[in-house]
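Input: a single structure, listed below in structure tokens.
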Amino acid sequence: MIMEPSLTKTQSNYDLQEFLSGFNSDSKVKTILNKIGVRPSRALGQNFLIDASVSKSIVEGLNIESNDTIVEIGPGLGALTRHLIGKVKKLVLVEYDRRIYEYLREVLSGVDGVDVCHQDAVSFDVRPLYAEDTVKIIGNLPYSCGTEIIRNFLTFPSPVDSAVFMLQKEVVNRFCAVPRTKSYGVLTVMTCAFWNVERLQDLTFQSFTPKPAVDSAVIRLFPCDSDKYPPFNQRVLKRIDKCGFHERRKQLKKRLPLGDTNWGELCKEMNLQETARAEELSINEWINMARFLDDNPLKDNPQKSSEMFDVVDENDKVVDQMERSRVHSEGLLHRAVHVFVFNKSGDLYLQKRSVLKDSSPGLWDSSVSGHLDLSEEYHCAAIRELTEELGVSLGVDFICSIKPSENTGWEFVRLYKCEHNGPFNLPYSEIEGGGFFPIDMIGNWVQERPEDFASGFVECWNSYVN
Ligand code: SAM
């Protein structure tokens, strides 16, 4: 049932009630397209859904709730949009066709909570979405760039909580493929390593106007549980996957960039046939292969509870040395550094902590942070942590000192900064991923959702901006 949307004003050349009722026939779609001056473009995948029950069932697949922020990609004439209006907190419509965008902006100008954007969804900036509570994406995607759009929204780490997409059937087959089939490939592995993919329904060309040349299908994606796979390096997985599937019938030992790795030993360790081909490896086996071939020295080393720290007094003078676990459990004063790494544009790199960390697992944090080793100077620790966590050797500049509190985890913190544009070589047992964010975007995100951040970062952030 369509709820009555809340209106602030009603001036428009177009009829909102007609829009909300839907354009459910060839002739209705033709009439409105003529009115707004659009000739359907094949390059923009402009095949419009005219089957109302299909539109409704696609939206139902997203399981929307009143507090959701929904981004609809390619809303077109609103076949899906009209089932979303009035039902969610915020609806963002991303439409590339200028005339359709202008039509939507006008017809929906009086509807609260709807934001119409004239943008290419392939390069839409997803980062502001982190400040929203629950973000769901939906779209009957243009076939020409559907996978590019999905990559933009769902590449990990992503602010998206779930997604429903309609794509051409052949592409859906690739998302849902199993090993030893023709459709199984890089797209399958790189998606399913992060997302559960469910096929919801198949559709024929009859549901659209103009009729597309191919059939379509609908998928739902939601993030894999954090313990489904062990931590791995996304860049290594992508590199070996691309090499492996480049000539899918060739044996992997002839295709993979093995460096000094002994293929026989790797196969023995992973319980693989030495003659294995790319299409024979499960997602799990691909991930284990990426872990094996990752040359980061800290890849399997989140933290050791037996690590020793200097314990300090309220004047930051060393008074004792104790094991990490005891220092933390007893709330003893100790020392740490944070480093803010900025790129040339002044954006700050934030890291997403691994779910394996013993403190603030899975939360967003400073570019680099860590404890001082025994008898280590703050400045030296900052440089060492930069190398260990991001794989870069750089000098750092002091910003400020922060007094210990519950929020810093009873750490005396010194905050430093430096400049680097990435990319970084992350130890995946410590850091799941990261990205550069403009300062004002972080400010808004911290304000809207402080629970997404390690409390030590929030202390550093507040000291930095104030
Ligand atoms: N949602 C409508 C429906 O189901 O009838 C229209 C779907 S139609 C297959 C694809 C829509 O995506 C069109 O409105 C087209 O103009 C828009 N589009 C094409 N390329 C786009 C892009 N790169 N970014 C955003 N929208 C795009």
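Keep in mind that what you see is a predicted model, and the values were worked out from it rather than measured. Throughout, numbering of the chain's residues begins at 1 and tracks the sequence. When a ligand or atom number is given, it counts from 1 through the structure's own listing order.
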**Request:** Would you kindly say whether Asp26 and Thr209 are connected by a side-chain donor-acceptor distance under 3.5 Å?
**Result:** yes

**Fill in**
of all protein heavy atoms, closest to atom 17 (C) of ligand 1 is Glu95 OE2, 3.3 Å

**Item:** ligand 1-proximal atoms of Cys145, by part, heavy-atom distance under 4.0 Å
**Value:** side chain

**Request:** Indicate yes or no: does an N/O atom of Pro142 lie under 3.5 Å from an N/O atom of ligand 1?
**Result:** no

**Message:** Quick check on contacts: which atoms of ligand 1 are under 4.0 angstrom from a heavy atom of Gln46?
**Reply:** 13 (C), 15 (C), 16 (O)

**Asked** For ligand 1, which atoms have a heavy atom of Val94 less than 4.0 angstrom away?
**Response** 25 (C), 26 (N)

**Distance-only N or O hit between ligand 1 and Asp97, under 3.5 Å** = no

**Message:** Could you identify the single nearest non-hydrogen protein atom to atom 2 (C) of ligand 1 and state the distance to 0.1 Å?
**Reply:** Pro75 O, 3.3 Å

**Message:** Taking the basic N atoms (NZ, or NE/NH1/NH2) and the acidic carboxylate oxygens, is any pair closer than 4.0 Å for Lys90 and Asp115?
**Reply:** no

**Asked** So which protein heavy atom does atom 9 (C) of ligand 1 come closest to, and at what separation?
**Response** Gly45 O, 2.8 Å

**Fill in**
A student checking ligand 1 against Gly76 at a 4.0 Å heavy-atom cut-off should list atoms 6 (C), 14 (O)

**Request:** Under 4.0 Å from a heavy atom of Gln119: give me the atoms of ligand 1 that qualify, with their elements.
**Result:** 24 (N), 25 (C)

**Item:** Gln168 and Asp215: side chain donor to acceptor below 3.5 Å
**Value:** no

**Prompt:** Can you tell me which residue and heavy atom of the protein come closest to atom 27 (C) of ligand 1, and the distance to 0.1 Å?
**Reply:** Tyr96 CB, 3.5 Å

**Prompt:** Can you name the nearest heavy-atom pair linking Glu285 to Met270, along with the distance?
**Reply:** O-CE, 3.2 Å

**Prompt:** Do Arg353 and Ser359 have side-chain N/O donor and acceptor atoms under 3.5 Å apart?
**Reply:** yes

**Message:** Tell me whether Leu49 has any N or O atom under 3.5 angstrom from an N or O of ligand 1.
**Reply:** yes

**Prompt:** Of all the atoms in ligand 1, which lie at a distance below 4.0 Å from a heavy atom belonging to Glu72?
**Reply:** 1 (N)

**Message:** Counting only nitrogen or oxygen atoms and a 3.5 angstrom limit, does Asn140 reach ligand 1?
**Reply:** yes

**Asked** Cut-off 3.5 Å, side chains only: do Asn407 and Glu459 have a donor facing an acceptor?
**Response** yes

**Message:** Please classify the Ala79 to ligand 1 contact at 4.0 Å (heavy-atom distances, strictly less than): side chain, backbone, both or neither.
**Reply:** side chain

**Message:** For a quick check under 3.5 Å, do Glu385 and Ser369 share a side-chain donor-acceptor pair by atom type?
**Reply:** no

**Prompt:** Counting heavy atoms only, which of Gly74, Ser55, Ala43 comes nearest to atom 12 (O) of ligand 1?
**Reply:** Gly74

**Prompt:** By number and element, which atoms of ligand 1 are closer than 4.0 Å to a non-hydrogen atom of Asp120?
**Reply:** 22 (C), 23 (N), 24 (N)

**Prompt:** Tell me: protein heavy atom nearest atom 19 (C) of ligand 1, and distance?
**Reply:** Leu44 O, 3.1 Å

**Reported CD-to-CG distance for the pair Gln273 and Leu281, which is rounded to 0.5 angstrom** = 11.0 Å

**Prompt:** Heavy atom of Met166 under 4.0 Å from ligand 1?
**Reply:** no

**Asked** If you measure only the distance, is there a donor-acceptor pair under 3.5 Å linking the side chains of Glu419 and Asn343?
**Response** no

**Asked** Will you find, in the side chains of Ser282 and Asn284, an N or O donor that is under 3.5 Å from an N or O acceptor?
**Response** no

**Complete:** Which of Phe340, Trp364, Phe453 passes ring pair (Phe, Tyr, Trp, His ring centres under 6.0 Å) with Phe437? Answer is Trp364

**Message:** Does ligand 1 come near enough to Ala121 that some N or O of the ligand is less than 3.5 Å from an N or O of the residue?
**Reply:** yes

**Asked** Would you call Asp68 and Lys136 a salt bridge, using N to O less than 4.0 angstrom?
**Response** yes

